[in-house]
Amino acid sequence: MTRLFNDPAAFADEMIEGFAAAAARWVQAAPGGVVRSTTSGTDTVALVVGGGSGHYPAFGGLVGPGLAHGAAMGNLFASPSAQQVHSIATACDTGRGVLLSYGNYAGDVLHFTQAQDRLRAEGHDVRTVLVTDDIWSAPPDRIEERRGIAGDLCVFKVAGAAAEAGYDLDGVERVARHANDRTRSFGVAFSGCTLPGADAPLFDVPQGRMAVGLGIHGEPGIDEVAVPTADELARLFVEKLLEEVPAGVEAPGARVVPLLNGLGSVKYEELFVVYRTVARLLADRGVTVVDPEVGELCTSFDMAGCSLTLLWLDDELEELWSAPADSSGFRKGSVGAQQRAAAVVLEHTEQEIGAASEASRRAAATIADAFDAIVAVVDDAADELGRLDQVAGDGDHGIGMTRGAHAGRDAARAALEGGAGAKTALDRGAVAWSDRAGGTSGAIWATILQAVGAQLGDEARVGREEVARGVRSASDAVMAFGKAAVGDKTMIDAIVPFADTLAERVGAGEELASAWDAAAGAAHDAAQATADLRATLGRAKSHGERSIGTPDPGAVSFALIVRGVHDRVLAASSSPSAQGE
Ligand code: ADP
Ligand code: MG
C-alpha cells in the first residue's frame, strides 16, 4: 500500500523533484530525469540509463561517479519518452559518445530507439546494450527476449567503471554486453504492489503462495508454489541459476558476484537469512563469491519479493565490478575528489508554428475536436483498460492512455490557437502524447498521429481520401515501428481492419462519416476477436497463455477511440451543410 502522496497523477514528478533535492550531492534535475552534479574533470564516454519510476535506486539513484552519468526517469512503471532520453543523453555527451543501457521492455525499447535515431541524426555516437537477465521471462534459446531486472546494476556498474577508466565507446559497449551475457537473475514475489491512489494491487498472490518468475512492473509471476522456508528459497535460487551458467563458464572454480535484491517490502533481515544459505550453497558448488550485495538494488514499489542475480566474472569484469562508485543508491570504495559540475541549462525551445492554409486550419479545428473526443472516451474507459492490461501486462494502459490523451489534446488545442494547420496540430499532439504517456502505447500513438499528420500537411484541403490515406500510412508506420503483424495480439489487429475498411468505403465513394462508422465497427469486432489470440509481442508476451480469453487492451482502446471520434465529431459534422469535408 502506498500511503503518502498528493495527486496520484503528479506522484512521479513530485518524487523526482524531491529526489533531486535530497540527492543533490550526486545529481541535479535535468529535463527528462537527472544527470550528475559532479565532474571528475576528464571527459569520458557517457552512460545513460533509465526506465520507469518506482524501482529506486534504479534508475536515478544509480547516477554518480563510477556509475551512470544520467538517468531518464519515466512515469511510474512507464518507459521514459524518447524526448526524455534524448534530452538526458544530450546533456551527458561530452563528445566521446553515449551508451544507452536499460532493461529489455517493449516500451523502453521503442522510446530509447527513437531517441537513439534522433541523437545519431544529430551527430552523436550512440550505442545500446539491453539488459536481459531474467531467466524466467524466456527460455535459453530466446535469451535476447528476456526482461531486465536487478541484473541492470551489474551491467551499469561494469559500463560505468569502464567509462571512468577511460575506455572508448567501443570498449564500454563491449564490456557492457559481456556483463549482460554473464548476468542471470531469478525473482519471486509474495504480494503485488499498489500504485499511489490505486485501491488494489496490480496483481494478487494468494495467501501462503509464492509467485515465481515475477517481473518488476507488477507483471504477474509465471508459476506459483507454496511459500518456502528461507533455506528452501535460497536452494531454489541457487539451483535454478546454476542450471543456467553462461556459455564459457564452469561453475566449480568460477568467481561470481551474488546480488540478493529486495523488491520493496522484504526486510534486510529476511534477506540476510536467505543470503546465509545462498553463500553456503555457492561455496558447496565450488563457486567463489566476490564482493556480494544484499539489499534493495532494484525495487518494484512496495512489492514483497526478492531476486537473486549472479554476475559470472572474468578478470576484466572483476576489476570493473570492484572499481569505486558513488551514487545515492549504491556505493563501493572511494572515488576521490569530485568537482561540482556546471548546472544543466533547462532547455526551453518553444518552436514557432509554421504557416498554414485556411483549409488546413479548419481541419486542425476538427482534429482538436477529435482529441476532445479521445479524452472523453479514454477517461471513461480508463479503469476497464487498466483491468484488461492487468491480465497479462502491467495494468497501466488506462493510466498511460489518459495521460497521453490529455497532454495530446492540450498541445493540439494550443497549436490550433497559435494558427496551426493539420500536420502541426497532429505533430504537437503526438510529441506531447508520447512525452507524457511513456510506455509502449505512448510511442505507438505518437507514431499514429505523426503518420496521419505527414499525409495531411499544413496546406492541402483535407478530404476523405486524404484521411483514408493518412490512416493507411499510420497503420504501415506502426507495423514498421513496432514490428507487429496481424495476429500478434496488439493494437495492429484493430488498426489494420480499420484502415482497410476505411480505404475500401472511401474508395467506393462513401462519405467520410459513414465510411468511418463502418471502419470503427470493423475495428471493434477485430479488437474483441483478439480475446482468442495468444500475445506474442510486447510486455504481455511473457504471459501469452494467460492472455487467452481477454482482448488486447491496446486494440480495445483503439476501437473505442475511433468509435468516439465518429460519434462525437464526424457524425455531428456530417449534417448536410458540412458534407464533403
Ligand atoms: P506498456 O506495455 O508499455 O505497459 P501499455 O500498457 O500502455 O504499454 O500498452 C500496451 C499495448 O500496446 C498492448 O495492449 C498492445 O496493443 C500495444 N503494443 C505492444 N507492443 C506493440 C507492438 N510491437 N506493436 C503494436 N502495438 C503494440
Ligand atoms: Mg501496460
Side-chain angles (χ1 to χ4, degrees), residues 50-54 74-82 102-114 145 147 195 198 202-203 215-220 378 381-405 408 433-434 436-448 451 474-496 498-499 523 526-531 533-544 546-547 550-561:
S53 293
N75 223 306
L76 287 177
F77 292 176
S79 149
S81 68
Y102 53 96
N104 183 29
Y105 292 87
D108 296 276
V109 172
L110 292 181
H111 285 283
F112 275 85
T113 305
Q114 260 184 343
E145 292 178 22
R147 309 181 283 219
L195 296 181
L202 281 174
F203 69 94
I216 55 166
H217 304 89
E219 300 96 331
V378 168
D383 290 347
E384 178 56 18
L385 295 174
R387 270 193 295 279
L388 292 177
D389 191 30
Q390 219 166 313
V391 173
D394 56 354
D396 67 349
H397 188 58
I399 304 174
M401 290 295 289
T402 310
R403 278 195 308 252
W433 186 311
S434 95
R436 289 306 298 164
T440 312
S441 62
I444 288 175
W445 270 95
T447 304
I448 293 175
S475 165
D476 294 344
V478 172
M479 283 194 278
F481 177 51
K483 316 245 168 1
V486 170
D488 287 337
K489 193 163 187 160
T490 69
M491 64 173 108
I492 277 298
D493 290 324
I495 299 176
V496 167
F498 179 75
Q528 292 304 315
T530 60
L533 301 173
R534 190 177 167 282
T536 54
L537 273 175
R539 197 191 288 290
K541 72 175 180 224
S542 314
H543 299 284
R546 196 192 290 253
S547 75
T550 304
D552 174 65
V556 169
S557 60
F558 179 85
L560 288 171
I561 283 173

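The analysis underlying the following values was restricted to heavy atoms, covering all of them including side chains, and did not include hydrogens, waters or symmetry mates. Just so you know, these numbers come straight off a predicted model, no measurement behind them. Remember, it's 1-based here, ligands and their atoms both numbered in the order they're listed. In this chain, residues are counted from 1 in sequence order.
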Please report, to 10°, the angle around the Mg ion (ligand 2) from atom OD2 (D389) across to atom OD1 (D394).
80°

Atoms in ligand 1 with a heavy atom of D396 nearer than 4.0 Å
4 (O), 5 (P), 6 (O)

State, to 0.1 Å, how close T490 and A555 come at their nearest heavy-atom pair, and which atoms those are.
O-CB, 3.8 Å

So which bit of I444 gets within less than 4.0 Å of ligand 1, heavy atoms only: side chain, backbone, both or neither?
side chain

Give the single entry among A527, G404, G482, A535 that approaches atom 23 (N) of ligand 1 most closely by any heavy atom.
G482

Just to be sure I read this right, does ligand 1 sit under 4.0 Å from the backbone of S441, its side chain, both, or neither, counting only heavy atoms?
both

Please compare D552, T490, I492, V556 and report which has the shortest non-hydrogen distance to atom 13 (C) of ligand 1.
D552

Closest non-hydrogen atom pair, V391 against T550
CG1-OG1, 3.7 Å

Is it the case that more than 12 heavy atoms not belonging to R403 sit under 6.0 Å from its CZ atom?
yes

My understanding is that we take every heavy atom of each candidate and find the minimum distance to atom 24 (N) of ligand 1. Doing that for A437, S547, A443, A484, which one comes out nearest?
A484

Not counting sequence neighbours, which residues clear ring pair (Phe, Tyr, Trp, His ring centres under 6.0 Å) with W433? List them please.
W445

All heavy atoms of S475 vs all of I492, minimum pair found to be O-CD1, 4.1 Å

With the threshold set at under 4.0 angstrom, would you say P553 reaches ligand 1 through any of its heavy atoms?
yes

With distance as the sole test, does D493 use its side chain to make a donor-acceptor pair with the main-chain N or O of A526 at under 3.5 Å?
no

If you look at every heavy atom in G442 and S434, which pair is closest and at what distance?
O-CB, 3.5 Å

Do D389 and ligand 1 have an N or O pair less than 3.5 Å apart?
yes

I'd like to check the side-chain hydrogen bond (donor to acceptor under 3.5 Å, both in side chains) partners of E384; sequence neighbours left out, ordered by chain and number.
R387

N, O or S atom within D396 nearest to the Mg ion (ligand 2), by name
OD1

I'd like the name of whichever of T440, I399, L385, V478 reaches closest to atom 8 (O) of ligand 1 through any heavy atom.
T440

Touching ligand 1 at all, G439? Heavy atoms, strictly under 4.0 Å?
yes

